Amino acid sequence: MSADAGKDALAEALRLQREAAGLGFDWRQLDELWDKLDEEVAELKEAATQGRIRTQEELGDVLFMAVNLARHLGVDAEAALAGTNAKFARRFEYVCAALEQLPPIGDPRRLDAMEARWLEAKRREK
């Protein structure tokens, strides 16, 4: 799936939710959304052991709920994800700047060393 298709899916989720809300089919309180998100995450965890098709469906439900939550919080889900992508890219670039000093791929210490660099990058941003 292209990045544009993902963006279109976020926009379509928001459009569907706004349409439903305009007709009165919407959550009454923010706490209800948190509970529903927790329920969807639990279903995704269960589905992850049951095959790719069910996992994809349940992940879609989690993403749909995340867009719904963003709408209720007054946050642009597309902008939020774009910001997180940029943050990940910055931090991972910092991790990659020290690849030569890391244990080789396959060495169990490599992930720990990469995580230490990641946390250092995170601290540097504050």
Side-chain angles (χ1 to χ4, degrees):
M1 176 167 66
S2 72
D4 287 341
K7 183 177 180 180
D8 292 345
L10 284 176
E12 178 65 1
L14 183 58
R15 185 195 69 73
L16 289 167
Q17 292 165 11
R18 284 180 174 159
E19 182 179 329
L23 296 173
F25 189 61
D26 201 7
W27 303 94
R28 291 176 292 262
Q29 297 177 10
L30 194 56
D31 284 349
E32 295 173 324
L33 280 98
W34 293 116
D35 292 344
K36 183 64 175 175
L37 183 61
D38 289 343
E39 176 187 318
E40 296 296 352
V41 168
E43 289 176 7
L44 175 59
K45 286 179 182 179
E46 179 184 324
T49 66
Q50 298 175 359
R52 188 175 92 46
I53 292 173
R54 175 124 191 275
T55 300
Q56 180 174 317
E57 180 182 314
E58 294 300 337
L59 180 58
D61 290 351
V62 169
L63 294 171
F64 191 83
M65 275 310 300
V67 171
N68 214 342
L69 186 58
R71 180 175 64 87
H72 278 266
L73 293 171
V75 172
D76 179 333
E78 172 64 28
L81 183 56
T84 294
N85 288 345
K87 179 174 54 178
F88 179 89
R90 280 191 314 272
R91 291 176 183 173
F92 193 64
E93 183 178 345
Y94 186 80
V95 171
C96 289
L99 285 179
E100 291 125 18
Q101 291 93 34
L102 297 174
I105 292 177
D107 185 321
R109 297 171 300 152
R110 184 176 178 95
L111 182 56
D112 291 338
M114 293 177 95
E115 179 68 16
R117 286 282 296 177
W118 179 272
L119 293 174
E120 186 178 327
K122 191 174 175 178
R123 281 190 300 274
R124 291 169 56 101
E125 290 182 354
K126 292 183 180 184

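What you see is a predicted model, and the numbers here were worked out from it, not measured in a lab.
In this structure, the side chain to side chain contact (heavy atoms under 4.5 Å, CB included) partners of Leu44, at least two apart in sequence or on a different chain, are Thr55, Glu58, Leu59, Val62. Every salt bridge (charged side-chain N to carboxylate O under 4.0 Å, His left out) that Glu125 has, sequence neighbours left out, goes to Arg90, Arg91. Under the side-chain hydrogen bond (donor to acceptor under 3.5 Å, both in side chains) criterion, Arg71 pairs with Asp26, Asn68, not counting sequence neighbours. Applying the salt bridge (charged side-chain N to carboxylate O under 4.0 Å, His left out) test to Lys36 and every residue at least two apart in sequence or in another chain returns Glu39, Glu40. Residues that satisfy the side-chain hydrogen bond (donor to acceptor under 3.5 Å, both in side chains) test with Glu120, not counting sequence neighbours, are Tyr94. For Arg52, there are no salt bridge (charged side-chain N to carboxylate O under 4.0 Å, His left out) partners at least two apart in sequence or on another chain. Take Arg18 and apply the side-chain hydrogen bond (donor to acceptor under 3.5 Å, both in side chains) test, not counting sequence neighbours, and it matches no residue. Applying the side-chain hydrogen bond (donor to acceptor under 3.5 Å, both in side chains) test to Glu32 and every residue at least two apart in sequence or in another chain returns Arg28. Residues satisfying the salt bridge (charged side-chain N to carboxylate O under 4.0 Å, His left out) criterion with Asp107, sequence neighbours excluded, are Arg109.
Here the CH2-CE distance, from Trp34 to Met65, works out to 9.5 Å after rounding to the nearest 0.5 Å. To the nearest 0.5 Å, atom NZ of residue Lys45 and atom CD of residue Glu43 are 12.5 Å apart.
Each ring pair (Phe, Tyr, Trp, His ring centres under 6.0 Å) pair with one or both residues in residues 95-126, not counting sequence neighbours, appears once here: Phe88-Trp118. Legend: ring pair (Phe, Tyr, Trp, His ring centres under 6.0 Å) pairs involving residues 44-68, not counting sequence neighbours: none detected. Within the structure, salt bridge (Lys or Arg N to Asp or Glu O under 4.0 Å) pairs that include any residue of residues 95-106 do not occur (at least two apart or interchain).
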